[in-house]
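The chains referred to below are lettered A, B, ... by the order of the sequence lines, with proteins before strands, and numbering in each begins at 1.
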Protein chains: 2
Amino acid sequence: MPQRLIRKLEHFVRLSGGDKLALQGLAQKVRAVGAHEDIIREGDNPLHVNLILEGWACRYKQLADGRRQIISFFVPGDLCDPHVFVLRQMDHSIGSLTPLRFAQIPREALLGVTDRHPRITRALWWETLVTAAVQREWTVNIGQRSALERMAHLLCELFIRLRCVGLSEGNSCPLPVTQTELADATGLTSVHVNRTLQEMRSAGLIVLRSKTLTIPDPAALQKVALFDADYLHLEHEGAHLDANEPEELPNGSTPGTSGAAWTHGGGGSGTQHG
Amino acid sequence: MPQRLIRKLEHFVRLSGGDKLALQGLAQKVRAVGAHEDIIREGDNPLHVNLILEGWACRYKQLADGRRQIISFFVPGDLCDPHVFVLRQMDHSIGSLTPLRFAQIPREALLGVTDRHPRITRALWWETLVTAAVQREWTVNIGQRSALERMAHLLCELFIRLRCVGLSEGNSCPLPVTQTELADATGLTSVHVNRTLQEMRSAGLIVLRSKTLTIPDPAALQKVALFDADYLHLEHEGAHLDANEPEELPNGSTPGTSGAAWTHGGGGSGTQHG
DNA sequence: CGCACTCTTGACGAGTTTCAATGTAAGTGG
DNA sequence: CCACTTACATTGAAACTCGTCAAGAGTGCG
């Protein structure tokens with residue numbers, strides 16, 4: 001089931017067959033919820049690590065007066081806080097943005113796997129550190145970039161992350177969130193997000209309709225976003241592996257499209273849905 | 001040497017004498033630099049974990065056009081990325097804000113200690129997760145709060161963090177940074193930081209002169225900041241322990257001042273410099 | 001004593017928010 | 001199949017926060 005997670009981790013380490021089997025075993029308890037439901041709430045005592053299988057979710061925090069900040073997005077293959085058990089209670093909430101399928105991984109299951117699979121341990125470390133790096137980049141993004149740059153940067157990041165788990169197709173990927181949610185994530189108002197998106201559209205930077213984002217000219221979008229993919233740390237040896245393919249690369253022509261334009265080794269294109 | 005680190009960690013776990021000795025041993029290679037020097041630069045390959053002993057530093061990132069965002073502050077007792085070795089290269093820089101003394105801890109030294117001291121391992125976990133929580137809170141802060149709320153929130157956070165390592169005195173603590181640096185941290189301009197600070201001064205929320213911050217009415221400042229200390233996760237059993245005191249609490253009257261006003265268990269007041 | 005850095009203040013303008021209305025698309029139920 | 005509802009996107013006008021530019025005052029240090 002956790003194909004997306006496996007695929008993502010292989011951007012960093014090369015997993016053995018046994019490693020992959022162990023990861024498969026983690027997704028025992030699968031739950032499904034509708035859109036706009038909380039999975040964990042601020043103040044709760046965390047009991048398991050959630051692995052997103054299908055749909056989007058987000059980390060968010062709400063201020064006393066109702067203002068809401070989306071702190072990060074979760075897409076398929078993402079783990080919510082692998083090491084959360086150290087803390088007594090959640091300092092933020094996690095909620096679904098779309099209908100969601102996710103696995104609840106008990107603490108012991110995760111420990112069991114990492115005890116026996118050092119490569120997985122390393123890979124989850126990498127996952128955790130990249131998540132932290134993304135968080136830092138969001139600080140930079142919200143703190144320094146203009147609305148236009150900010151939206152562009154967010155879209156660049158989301159596209160690459162989706163491509164890493166095989167959810168992009170050419171220069172397109174799903175973007176199943178409302179403008180209000182984009183606003184909560186960027187620290188703008190929904191009205192201004194709307195205007196910003198239209199500006200990006202009329203500049204030919206993006207095509208966005210029916211929840212599908214297309215980026216006609218990746219280099220151009222990255223340029224206005226001052227986007228530098230280094231913080232996603234995709235430079236490692238597994239970067240070119242496709243989890244669904246045999247271990248040996250087909251070699252020669254790249255299976256996907258537009259690889260180098262995005263980052264050193266982003267991996268090939270994937271197929272929508274899996 | 002790393003009294004401040006020990007003191008901070010004891011807000012989470014109770015360390016044994018052996019634990020403390022082991023932590024002492026980490027600060028072998030001590031370095032000193034002046035203000036405004038880089039300790040590590042974006043792109044560098046990290047070779048050790050830095051432990052701040054004296055002075056302030058910051059994590060920052062610079063955009064291509066020169067805009068700079070300070071991503072986090074480091075104060076005495078703070079560790080810079082205990083697990084950074086997993087990644088190939090730094091995605092941000094760390095630089096001193098004041099003259100700085102810090103220890104460079106080699107990877108093996110850290111591993112050696114954590115292998116033999118499970119309590120320290122847990123405590124460093126806690127440290128790491130709190131750092132991540134702080135980063136999330138900064139996202140909320142910059143994304144949702146007005147200039148006034150934002151500055152107030154930052155000052156609340158810094159005061160508590162300094163108090164946790166014994167660097168506060170009553171309602172005062174050092175604040176050895178320029179308004180330009182506060183601006184880079186909050187995503188404002190130095191001009192606007194200046195006006196915001198003056199507004200806070202004339203509202204009686206803060207006293208700030210010669211790099212010393214005093215908060216006459218903590219509750220009031222927290223209120224305008226919409227500040228909730230939960231994200232600092234200071235609620236654990238060691239919260240009332242003072243590393244420099246005997247293990248038994250004096251009981252009865254709290255040794256410090258203004259405890260409850262700040263958070264459930266912030267620890268007593270400390271003495272400037274140690 | 002003078003230079004450099006930091007803080008402070010004013011005037012002005014741009015970017016963004018707020019408020020409010022309208023448009024559009026996709027259900028739902030009769 | 002059509003009124004009714006709900007959610008989301010779009011638009012305009014006015015207000016305001018905050019940024020920009022520029023100059024002057026304060027402070028510390030060599």
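Rounded to whole Å, atom P of D:dT17 lies 11 Å from atom CG of B:Leu148. With rounding to whole Å, B:His36 atom NE2 is found 6 Å from C:dT6 atom P. Between the CZ atom of A:Arg145 and the C1' atom of C:dT16 there is a distance of 18 Å, given to the nearest Å. Atom pair B:Leu97:CG and C:dC5:P shows a separation of 16 Å (rounding to whole Å applied). Between B:Gln144 atom CD and C:dT16 atom P the separation is 15 Å, expressed in whole Å. Put simply, CG on A:Leu175 is 14 Å from P on D:dC8, counting in whole angstrom units. For A:Met151 and D:dA9, the CE to C1' distance is 14 Å, given to the nearest whole Å. Atom CD of A:Gln179 is separated from atom C1' of D:dC8 by 8 Å (rounded to the nearest Å).
Between A:Arg31 and A:Leu53, every side-chain heavy-atom pair lies at or beyond the 4.5 Å cut-off. You'll find the side chain of A:Ile206 reaches within 4.5 Å of the side chain of A:Leu155, heavy atoms only.
Residues from residues 188-195 of chain B that place a heavy atom under 4.0 Å from any atom of DNA chain C, listed by number: B:Val191, B:Asn194, B:Arg195. Against DNA chain C, the stretch residues 55-69 of chain B makes no heavy-atom approach under 4.0 Å. At a non-hydrogen distance threshold of 4.0 Å, A:Gln198, A:Arg201 from residues 198-210 of chain A come into contact with DNA chain D.
Contact check, B:Lys211 against D:dG28: no side-chain N or O comes under 4.0 Å of OP1 or OP2.
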List the steps and the verdict of side chain to side chain contact (heavy atoms under 4.5 Å, CB included) for A:Glu181 and A:Gln179. CA-CA 5 Å; A:Glu181 286 157 348; A:Gln179 295 183 353; over 6 Å; no
Please determine whether salt bridge (charged side-chain N to carboxylate O under 4.0 Å, His left out) holds for the pair A:Glu149 and B:Arg67, giving the CA-CA distance in whole Å, both sets of side-chain angles, and the decisive distance to 0.1 Å. CA-CA 13 Å; A:Glu149 296 164 344; B:Arg67 279 175 282 177; 2.9 Å; yes
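No donor-acceptor pair closer than 3.5 Å links the side chain of A:Arg7 to the backbone N or O of A:Gly77. A distance-only check finds no donor-acceptor pair linking the side chain of A:Arg4 to the backbone of A:Asp78 [under 3.5 Å]. In this structure, the side chain of A:Ser190 does not engage the main chain of A:Ala183 through any donor-acceptor pair within 3.5 Å.
For the salt bridge (Lys or Arg N to Asp or Glu O under 4.0 Å) with A:Arg59, the qualifying choice from A:Asp81, A:Asp91, A:Asp184 is A:Asp81, the only one to do so.
Between B:Lys8 and B:Glu127 there is a salt bridge, with a side-chain nitrogen of the basic residue lying less than 4.0 Å from a carboxylate oxygen of the acidic one.
In this structure, a donor-acceptor pair under 3.5 Å is present between the side chains of A:Gln135 and B:Thr139.
Using the six-membered ring where Trp is involved, B:Phe73 and B:Trp138 have ring planes that are perpendicular, over 60° apart on the 30 and 60° scheme.
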